Amino acid sequence: MTYDAVILAGGAARRLGGVDKPALRVGGRALLDRVLGACRGAGETVVVGPRRPTVRPVRWAREEPPGGGPVAAVDAGVRGTTAPVVLLLSADLPFLTGETVQALLTGLGQADGAVLTDPDGREQPLVAAYRAEPLRREIALLATEHGGLGGLPLRLLTGELNLHHIPHATASFDCDTWEDITTARARIREHGHVLEEWIAAVKAELGIDLDVDTAALLDLARDAAHGVARPAAPLTTFLVGYAAAQQGGGPEALADASRKAAALAARWADEE
């Protein structure tokens, strides 16, 4: 589905002492960059807030008046979009993934929007996909009714829309306090998540957009370590990556190089 993304990255972050919240790092990456990574399939990405370095190019916008609240910020962002669907996100979602974005887009169906709900069943209007036409209609109605958009709560914008709810305890988690930041930093280091998070961080840091078969590479490293010598594991995986790059890169080249190296490690071990 063709969509544009609007990310709200302003706000005073009073509960965090006024720090630049979107720039805070979780798992070695700024919160804003993590959100940008999840919606990299957007045709246009508009970030509403002060300019700052980002992992990929975006368009910048500011609400009128500055500090005018979330509805004014949504309006500023939507003005920079043209797609029939707008993905609306806050910049403090450490566990948002591309899979969640796809679930929101798929969940639209015939509704005006698809929105995540937290473990208590509360709507999270800044983790949602909306059809652009009804969203613009409601913004225009609010501006007419209230004489402007400054200071209006989001519930006035979304309250009249037909929304499909998608429960998701993890992706709906946002960071409003230092306790939230600490929780997020601890969660990504849990055993079941740390490798996936680390690989995502490395790919973002190196500018690599490649699906990595983690299981195959770990199996190769294990075989090289057990069948040859422990230092052979990191050296072998490095050489496999280099060989894949020499073949043009991509998942197929990586899988081919991994298979060849794994077969060699097996033959090596068989000679003992």
Side-chain angles (χ1 to χ4, degrees), residues 3 5-16 21-22 24 26 31-32 34-36 38-39 47-49 63 67-78 85-132 134-139 141-142 145-146 149-188 190 193:
Y3 73 96
V6 172
I7 302 173
L8 304 194
R14 293 182 180 88
R15 296 170 70 184
L16 286 165
K21 180 166 66 169
L24 289 175
V26 172
L31 285 171
L32 176 56
R34 297 180 72 90
V35 175
L36 287 172
C39 62
V47 180
V48 184
E63 70 275 17
V71 177
V74 171
D75 177 49
V78 170
V85 173
V86 175
L87 185 70
L88 185 58
L89 304 168
S90 62
D92 61 348
L93 302 168
F95 304 117
L96 186 71
T97 65
E99 290 75 16
T100 307
V101 167
Q102 189 58 49
L104 286 169
L105 298 174
T106 304
L108 265 175
Q110 301 301 312
D112 294 329
V115 58
L116 291 196
T117 57
D118 68 13
D120 296 322
R122 292 179 298 230
E123 291 181 356
Q124 301 299 308
L126 294 182
V127 200
Y130 299 96
R131 297 197 183 278
L135 190 63
R136 288 192 172 96
R137 179 193 68 220
E138 292 301 316
I139 289 173
L141 288 173
L142 286 176
E145 181 180 354
H146 296 273
L149 301 173
L152 298 182
L154 271 177
R155 59 180 171 79
L156 289 182
L157 176 59
T158 61
E160 298 300 321
L161 297 176
N162 173 29
L163 300 178
H164 173 65
H165 297 117
I166 302 176
H168 202 309
T170 305
S172 63
F173 182 90
D174 57 4
C175 294
D176 291 326
T177 66
W178 286 112
E179 182 181 0
D180 294 336
I181 294 290
T182 300
T183 298
R185 288 172 172 171
R187 184 178 295 177
I188 66 168
E190 292 174 356
H193 309 290

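All values derive from a computational prediction rather than experimental measurement. Basis for what follows: all heavy atoms, side chains included, without hydrogens, waters or symmetry-related copies.
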Engineer: What heavy-atom pair brings Arg15 and Trp178 nearest, and what distance separates the two atoms?
Structural biologist: O-CD1, 4.4 Å
Engineer: For the pair Arg34 (side chain) and Val26 (backbone), establish whether a donor and an acceptor sit closer than 3.5 Å, ignoring hydrogens and angles.
Structural biologist: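 Yes: the side chain of Arg34 pairs with the backbone of Val26.
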Engineer: Just by modelled atom types, is the Leu96 backbone N or O under 3.5 Å from a matching donor or acceptor in the Thr100 side chain?
Structural biologist: no
Engineer: Indicate yes or no for a side-chain donor-acceptor contact from Arg131 to the backbone of Gly113 under 3.5 Å, with no hydrogens or angles considered.
Structural biologist: no
Engineer: Using modelled atom types and a 3.5 Å cut-off, is there a donor and acceptor pairing between side-chain atoms of Asp120 and backbone atoms of Arg122?
Structural biologist: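 Here the side-chain-to-backbone pair does not exist.
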Engineer: Answer yes or no: is there a side-chain heavy-atom contact under 4.5 Å between Leu89 and Val6?
Structural biologist: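 Sidechains of Val6 and Leu89: no contact.
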Engineer: Under 3.5 Å, is there a donor-acceptor pair between the side chain of Lys21 and the main chain of Cys175?
Structural biologist: yes
Engineer: Identify every side-chain donor-acceptor pair in residues 159-170 under 3.5 Å, counting partners at least two apart or on other chains, and give the distances.
Structural biologist:
| unit_1 | atom_1 | unit_2 | atom_2 | d |
| --- | --- | --- | --- | --- |
| His165 | NE2 | Glu123 | OE2 | 2.6 |
| His168 | ND1 | Thr170 | N | 3.4 |
| His168 | ND1 | Ala171 | N | 3.1 |

Engineer: Looking at every heavy atom in both Val86 and Ala132, which two are closest together, and how far apart are they?
Structural biologist: CG2-CB, 4.0 Å
Engineer: Looking only at heavy atoms, which two atoms of Thr97 and Ala38 are closest? And how far apart?
Structural biologist: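 Closest approach of Thr97 to Ala38: C-CB, 3.7 Å.
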Engineer: Has the side chain of Asp180 got a donor or acceptor atom that lies under 3.5 Å from a matching backbone atom of Asp176?
Structural biologist: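 Judged by distance alone, yes, a pair lies under 3.5 Å.
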Engineer: Quick check: does any side chain N or O of Tyr130 sit under 3.5 Å from a backbone N or O of Arg136, one acting as donor and the other as acceptor?
Structural biologist: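 Looks like no, no N/O pair under 3.5 Å.
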Engineer: Are the side chains of Val115 and Val127 in touch, meaning some heavy atoms are under 4.5 Å apart?
Structural biologist: no
Engineer: How close do Ile181 and Leu24 get, heavy atom to heavy atom, and via which atoms?
Structural biologist: CD1-CD1, 3.9 Å
Engineer: Do other residues, nucleotides or ligands put more than 12 heavy atoms under 6.0 Å from the CZ atom of Arg155?
Structural biologist: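 No, the 6.0 Å shell around CZ holds no more than 12 heavy atoms from other groups.
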Engineer: Could you check if a side-chain atom of Val74 sits within less than 4.5 angstrom of a side-chain atom of Val48, using non-hydrogen atoms only?
Structural biologist: no
Engineer: Can you tell if the side chain of Leu141 reaches within under 4.5 Å of the side chain of Glu145, non-hydrogen atoms only?
Structural biologist: no
Engineer: By the definition side chain to side chain contact (heavy atoms under 4.5 Å, CB included), identify the one residue from Val101, Leu104, Leu108 that meets it with Tyr3.
Structural biologist: Val101
Engineer: Heavy-atom distance under 4.5 Å between the side chains of Ile7 and Leu36, does that happen here?
Structural biologist: yes
Engineer: Taking C-beta and beyond as the side chain, do Pro22 and Ser90 meet within less than 4.5 Å on heavy atoms?
Structural biologist: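 No; the side chains remain at least 4.5 Å from each other.
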Engineer: Between Glu179 and Thr177, is there a side-chain donor-acceptor contact under 3.5 Å, judged purely by atom types and distance?
Structural biologist: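 Judged by distance alone, the side chains do not pair up.
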Engineer: Are the side chains of Asp118 and Gln124 in touch, meaning some heavy atoms are under 4.5 Å apart?
Structural biologist: yes
Engineer: Got Leu93 and Leu31 here, is their nearest side-chain heavy-atom distance under 4.5 Å?
Structural biologist: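 Answer no - side chains too far apart.
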